[in-house]
Amino acid sequence: MAKFRKKPVEVEARMLVNEREKIAAAIEWVNDIDMSTSAFGRNACIDSAIERGGVEITTLEGTMLARFGDYIIKGVNGEFYSCKPDIFAKTYEPA
């Protein structure tokens, strides 16, 4: 069996925090939208995320729930995925 090492690539990532403004920023980021035009829709999206315990993101494997405390990562091809904080700490370092 051969061993491999991950190539050094830079990714964008942010921890999902249970704060209304940070939830809104995460939703806007992963969906490439601006929620500032509709306060009602913005609040509904934030309230829904709080009730679910995180934000739904579309990944290459389908829709998954990024939970509060997880990192949301934008991969090298623009794809998003969720990563638990302990795995993130072992895999990534500041660029």
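At a threshold of 4.5 Å between side-chain heavy atoms, the hydrophobic network of Ile, Leu, Val, Met, Phe, Trp and Tyr places Ile73 and Ile27 in two separate groups. Taking hydrophobic clusters as Ile, Leu, Val, Met, Phe, Trp and Tyr residues chained together by side-chain heavy-atom distances below 4.5 Å, Met35 shares a cluster with Ile72. Criterion: ILVMFWY side-chain heavy atoms under 4.5 Å apart, direct or through other members. Under it, Ile23 and Leu65 are not part of a common hydrophobic cluster. In the hydrophobic cluster analysis, where Ile, Leu, Val, Met, Phe, Trp and Tyr join through side-chain heavy atoms closer than 4.5 angstrom, Met64 is grouped together with Ile50. Both Tyr81 and Val17 belong to a single network of hydrophobic side chains, linked directly or stepwise wherever heavy atoms of I, L, V, M, F, W or Y lie under 4.5 Å apart.
In this pair, Phe88 and Tyr71 present their aromatic rings parallel. The plane angle is below 30°, not in the 30 to 60° band.
Side-chain contact between Thr37 and Arg42 is absent, with no heavy atoms from C-beta onward closer than 4.5 Å. Taking the side chain as every heavy atom from C-beta outward, Ser82 and Ile57 approach each other to under 4.5 Å. Lys74 places a side-chain heavy atom less than 4.5 Å from the side chain of Trp29. Residues Arg67 and Leu16 form no side-chain contact, since every pair of their non-hydrogen atoms from C-beta on lies 4.5 Å or further apart.
Of all heavy-atom pairs between Gly75 and Val11, the closest is CA-CG1, 4.3 Å. Between Pro85 and Gly69, the shortest heavy-atom distance links the atoms CG-O, 3.3 Å.
Here the side chain of Ser48 pairs no donor or acceptor atom with the backbone of Ala44 at under 3.5 angstrom. Under the 3.5 Å distance criterion, the side-chain polar atoms of Glu79 are matched with a main-chain donor or acceptor of Asn77.
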Exercise for review: Go through Glu19 and Phe68 one step at a time and tell me if the side chain to side chain contact (heavy atoms under 4.5 Å, CB included) criterion holds.
Suggested key: CA-CA 9 Å; Glu19 296 174 16; Phe68 296 120; over 6 Å; no

Practice item. Might you work through the salt bridge (charged side-chain N to carboxylate O under 4.0 Å, His left out) test for Arg20 and Asp47, ending with a clear yes or no? Key: CA-CA 8 Å; Arg20 293 187 75 80; Asp47 291 343; 2.9 Å; yes

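Salt-bridge check for Asp70 with Arg14: failed, with every basic side-chain N at 4.0 Å or more from each acidic carboxylate O.
Note that CD of Glu61 is 11.0 Å distant from OG1 of Thr63, once rounded to the nearest 0.5 Å.
By the neighbour-count criterion of 12 heavy atoms within 6.0 Å, atom CG of Asp86 is densely surrounded, having more than that number from other residues, nucleotides or ligands.
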